Structure formats: structure tokens, C-alpha cells
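It should be emphasised that the depicted structure is a prediction, and the values quoted were computed from it without experimental measurement.
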Amino acid sequence: EQEKKLKWKVMVIVLFITTMTQFILFADKISLSYATITDLFEDVGLTQNTYNNSSTLFYVGYLIGQANLILVQKFPIRHCMIGITLSWCVIIFLSCTVTNHKGIYATRFFLGFVESVTTSILNTTMGQFFTREEKAATTPIFATATLGVTIPIGLIAYGIMHVESNVPIWKLFFIIIGGMSFIWFLV
């Protein structure tokens, strides 16, 4: 009986941590999309073409970043995840400092590069604690983090659209998303 309780408790904790990490990861990933509904295009001189290029560069970084799996094999997963989480947090905060499309290109490329192995690390983490059957049962919950992220992030974007500030709204959005990432890093 106690073993079942402990197993359930471990499952809930591990699933919560991995799902929230995936949630924050996808919030970072879609942050540029939501920032474009503000004055981002005008402030940094983005066009539809340069915006599309920034999305492409994210996935170029993502593909090249798969080489980071070598680090995951050489170092403890915990240390890799700490480094990745801190790096993507810094990159999101740096998104506030861009002044042209080249800055957007750089931040998107490096965000893709850094985030590329996170899902693999999270799946490995779940595999360390869950049996095959438990992992199959919990994977849909884990996957909902990628689908459900648009709801709270959309509400945040909607809320800050109504803020009166001397700071551009798109920068406030990146600050909020970066702040969420930083708080999760501390956890």
C-alpha cells in the first residue's frame, strides 16, 4: 500500500516537473508570434519576409542543436537541463534588447539551438521513473503542455495589450515570458 502511494507521488511530481518545463519551453518558442501582434514589426523593422526567416532560423538552430545530445550523454541530465533552462531564459531576456531584424535572427537561432534537446531530456527523465505502461499513460498529459500553452500565453498577451507603459508592449511580453522562465529555473 505504501509502495503504491510512493509510486503515485513520484509519478505526480515527475510529471508535473516535466510538463511544466515543456510548457515554459513552448511559451518561449511561441513568444515571438505573440510579440508580433504589438509594435514589434515597426520597432525593429521586421517585414513578413524577415519574420518568416526568423522562424526558419529557429528550426535551423534546432537542427544544428541536436548535436547537444552528445553533452547529454557525457554529463548528468540535471546539469544539462539547468544549463539549457538558464540559457533559454537569458536568450528570451535578450530578445528585449534587439533593435533590428538581425537581432531577432540571432535570438531565434540560439533559442532553437538551446531548446533542441529539451524534449529528449524530459522524455529520458520520465523513462527513468516510469514503467513503459506508466509512460504510455502519462505521455498525453505531457503532450498537452505543447497544445495548452497558447491559452494562458494568449491571455497574457491580451492582458498586456491593455497596459499603458513607456516600455514597448512587445518588450513587456518578453520580460513576462523571460520572468516565467527564470522563476521556473529557480524551481
Distance check, rounded to the nearest 0.5 Å: [X] atom [atom1] versus [Y] atom [atom2]?
X      : Y      : atom1 : atom2 : result
Ile92  : Ser87  : CD1   : OG    : 12.0 Å
Glu42  : Thr36  : CD    : OG1   : 10.0 Å
Gln73  : Thr124 : CD    : OG1   : 10.0 Å
Asn49  : Leu46  : CG    : CG    : 10.5 Å
Thr119 : Leu25  : OG1   : CG    : 5.5 Å
Thr107 : Phe58  : OG1   : CZ    : 10.5 Å

Assigning hydrophobic clusters by single linkage (Ile, Leu, Val, Met, Phe, Trp, Tyr; side-chain heavy-atom cutoff under 4.5 Å), is [X] placed with [Y]?
X      : Y      : result
Ile121 : Met20  : yes
Ile160 : Val167 : yes
Val72  : Val114 : yes
Ile151 : Phe26  : no
Ile104 : Ile64  : yes

Verify, without hydrogens or angle tests, whether [X] (side chain) and [Y] (backbone) share a donor-acceptor contact under 3.5 angstrom.
X      : Y      : answer
Gln66  : Leu63  : no
Arg108 : Lys29  : yes
Thr144 : Leu147 : no

Would you call [X] and [Y] a side-chain contact if the rule is heavy atoms closer than 4.5 Å?
X      : Y      : value
Val12  : Lys9   : no
Leu40  : Leu32  : yes
Glu115 : Ile91  : no
Pro168 : Asp39  : no
Asn68  : Ser116 : yes
Val117 : Ile84  : yes

Could you tell me which non-hydrogen atom of [X] sits nearest to which non-hydrogen atom of [Y], and how far apart they are?
X      : Y      : result
Tyr34  : Gly154 : CE2-CA, 3.6 Å
Val163 : Ile169 : O-CD1, 3.6 Å
Pro152 : Val149 : CD-O, 3.4 Å
Leu15  : Thr19  : O-OG1, 2.7 Å
Leu69  : Ser120 : CD2-CB, 4.1 Å
Thr131 : Glu134 : N-OE1, 2.9 Å

Using atom types as modelled, flag every donor-acceptor pair under 3.5 Å from a side chain in residues 170-186 to any protein atom, sequence neighbours excluded.
residue : atom : partner : partner atom : Å
Trp170  : NE1  : Asp43   : OD2          : 2.7
Lys171  : NZ   : Cys96   : O            : 3.4
Ser181  : OG   : Asp28   : OD1          : 3.0
Ser181  : OG   : Asp28   : OD2          : 3.1
Ser181  : OG   : Trp88   : NE1          : 3.3
Ser181  : OG   : Ile177  : O            : 3.2
Trp184  : NE1  : Thr21   : OG1          : 2.8

* Would you list the pairs meeting ring-ring contact (aromatic ring centres under 6.0 Å, His included) in which at least one residue belongs to residues 96-123, sequence neighbours left out? => His101-Tyr105
* ring-ring contact (aromatic ring centres under 6.0 Å, His included): which pairs involve residues 125-155, sequence neighbours left out? -> none
* **Side chains of Gln22 and Thr146, donor plus acceptor under 3.5 Å** => no
* Crowded around Glu3 CD? As in, over 12 foreign heavy atoms under 6.0 Å? ->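 Atom CD in Glu3 is not crowded, with 12 or fewer foreign heavy atoms closer than 6.0 Å.
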* Does a sphere of radius 6.0 Å around NZ in Lys7 hold more than 12 heavy atoms from other residues, nucleotides or ligands, not counting ones at 6.0 Å or beyond? -> yes
* Asked: Considering residues at least two apart in sequence or located in another chain, which fulfil the side-chain contact (heavy atoms from CB on, under 4.5 Å) criterion with Ser33?
  -> Tyr51
* Who are the ring pair (Phe, Tyr, Trp, His ring centres under 6.0 Å) partners of Phe93, not counting sequence neighbours? -> none
* To do: Please list, chain by chain and in numerical order, all residues satisfying ring pair (Phe, Tyr, Trp, His ring centres under 6.0 Å) with Tyr158, sequence neighbours excluded.
  => His162
